[in-house]
K.L.:
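Sending over a structure as structure tokens; questions will come in a sec.
Fair warning: this is a prediction, and the values are worked out from it, not measured in the lab. Numbered from 1 within each chain, the chains take letters A, B, ... in sequence-line order.
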Amino acid sequence: MKKRESIVDYYYESMYPELKVLEQDRLIIVSKLKKAAFFLFGLAIIIYLLLHYHFYMMPFEALALSGMSTFMLFMFIYRHESAGYSMLFKDHVIEKIIHFLDPSLMYHKHRYLLENVYQKSELFLEQYDRYSGSDLVEGFIEGVGVQFCDLHVEKKYRTKNGKEEWKDIFSGLFFVADFNKHFQTNVVVLPDHAERILGVVCSWLQSMNIGRGKLIKLDDALFEKYFVVYGEDLIESRYILTHSLMEKIVQLRQKSGKNLYLSFVDSKIYIAIEYNKALFEPILWKSLLKFSYIKEYVELLSMMIGIVKHFKLDEKLWSKR
Amino acid sequence: MQTFFIVLGVVLLIVVFMYNSLISKTNQVENIFAGLDAVLKKRYDLIPNLIASVKEYMVHERETLEKITALRTQALQTNLHSHEKIALDKELSSMLGGLMVAVENYPTLKANENFLHLQGTLHEIEEQISAARRAYNQSVTDYNNAIEMFPSNVIAGFMKLRRKEVFNIPSQERQNVDVKNLFQK
């Protein structure tokens, strides 16, 4: 991993000239959106007056209807205007950062991990109805095969009044890599929400989790505070989750500040980091010419690419060489 | 009278549940110990090859090598009790650890492909042993808690269950294992 200083240099030397051009596009789009917002605000007032005085609607209903319709219109214009910019942003910012961090990695802005990879991870057992994603990064880091992307998995359900809605099963970064040890059984590490609230009382409830393996109690208090582990073999689960690896998982959890899901299946490690937003999309209101804005993307990508070194996945045990 | 039978039934159910739970914990300890025994045996099987490949190089460590061989012979006896096996494993782990440190003084040995392979295999087995020890300790802790806590300690007393010994996890196992360092010296 290259040092931050050199990322700043790279930003100013290699990215800045292209970003200046892109910044012009952004300013044009922002200006168009401001104009649209101004126009739509006027339109909302006209609709409101019309609904209230001409059709005799209640003030609140008229306000809600005019506000909603113009807001939807604004979102349509926003999506239409920002779509092209978003693609250019990925080419000029995301791809550049990835190639700076590791030139051997491939980036595909429209692709994402195959569904069978997600299913094989056994991280989320819930049935899903929609599987989508973007920004697939793949390649070899220190000789370790790696893939990660932004993933969104949802389930359709009906509300009490029969309305159809979508619920997230997982939204965030999904990472898969070769693990440095051979193992036969599966281990799943999930965030432990219950233990933080209920304490040890919940361990009985956790052991009743149908669909998962046996509850594995581990000898690292901090790790146990954050996670609950299910495995098929009490010894092999500990062979995978060494003290050192547990420490590193806790560090990653603290660094990301997000819910972390991990599984070890078929000599691979799967990591899902929960985020509730599209991670590699641009924020139209932020200037590209400020490094502090670009830094957020650099840090996220560095964290993902750095997982191999952080977990020492490149230091393979003898039988995996 | 009816209340009496209901209370008696509930008490009987609790006793059966505690009895079964104690049996399951005892079996768990035995199962994991069997798993540990299996990986320990893997290490004992590796020792003759290791000794054979290092003895011509490590002339100054003859005494250590003889001790390791003697410990292995002792450990392979079938009539050993679990606490004796634990004590032997502890001693053998420390001797092997010392031997691997001493390897640093023999550059020709470190360059030997056969030795490197054995060292790598040994390291892998050590990781498996460490995992088995941790699993054993956890199952023994669950067992010890069950036989000492009220009210299951009463049933445990009738079943004549005794407290079991746990492994002391060596401090170096709690540190990060630097595999790269191990192989690239």
K.L.:
Count the heavy atoms of every other residue, nucleotide or ligand shown that sit under 6.0 Å from OH of A:Y275, and state whether that count exceeds 12.
P.N.:
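Yes, the 6.0 Å shell around OH holds more than 12 heavy atoms from other groups.
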K.L.:
Do A:R238 and B:R133 have side chains that approach each other closer than 4.5 Å (heavy atoms only, starting at C-beta)?
P.N.:
no
K.L.:
So which part of B:D142 gets closer than 4.5 Å to some heavy atom of chain A, the side chain, the backbone, both or neither?
P.N.:
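Looking at B:D142, just its side chain touches chain A.
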K.L.:
Relative to chain B, which segment of A:I216 carries a heavy atom at a distance below 4.5 Å: side chain, backbone, both, or neither?
P.N.:
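Contact with chain B: none, neither part.
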K.L.:
Flag yes if more than 12 heavy atoms outside B:K85 fall under 6.0 Å of its NZ atom; otherwise flag no.
P.N.:
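Yes - once you tally the heavy atoms of other residues, nucleotides and ligands closer than 6.0 Å, there are more than 12.
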K.L.:
Below 4.5 Å from any heavy atom of chain B, which atoms of A:S237 appear? Answer side chain, backbone, both or neither.
P.N.:
neither
K.L.:
Just by modelled atom types, is the A:D219 backbone N or O under 3.5 Å from a matching donor or acceptor in the B:R134 side chain?
P.N.:
no
K.L.:
Below 4.0 angstrom, N of the basic side chain to O of the carboxylate: do B:E124 and A:K181 qualify?
P.N.:
no
K.L.:
Any side-chain heavy atom of A:L234 sitting closer than 4.5 Å to one from B:Q28?
P.N.:
yes
K.L.:
Would you indicate whether B:Q77, at its atom CD, is surrounded by more than 12 heavy atoms from other residues, nucleotides or ligands within a distance under 6.0 Å?
P.N.:
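Yes.
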K.L.:
Identify the heavy atoms of A:I235 and B:A131 that sit nearest to each other, and give their distance.
P.N.:
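Between these two residues, the closest heavy atoms are O-CB, 3.5 Å.
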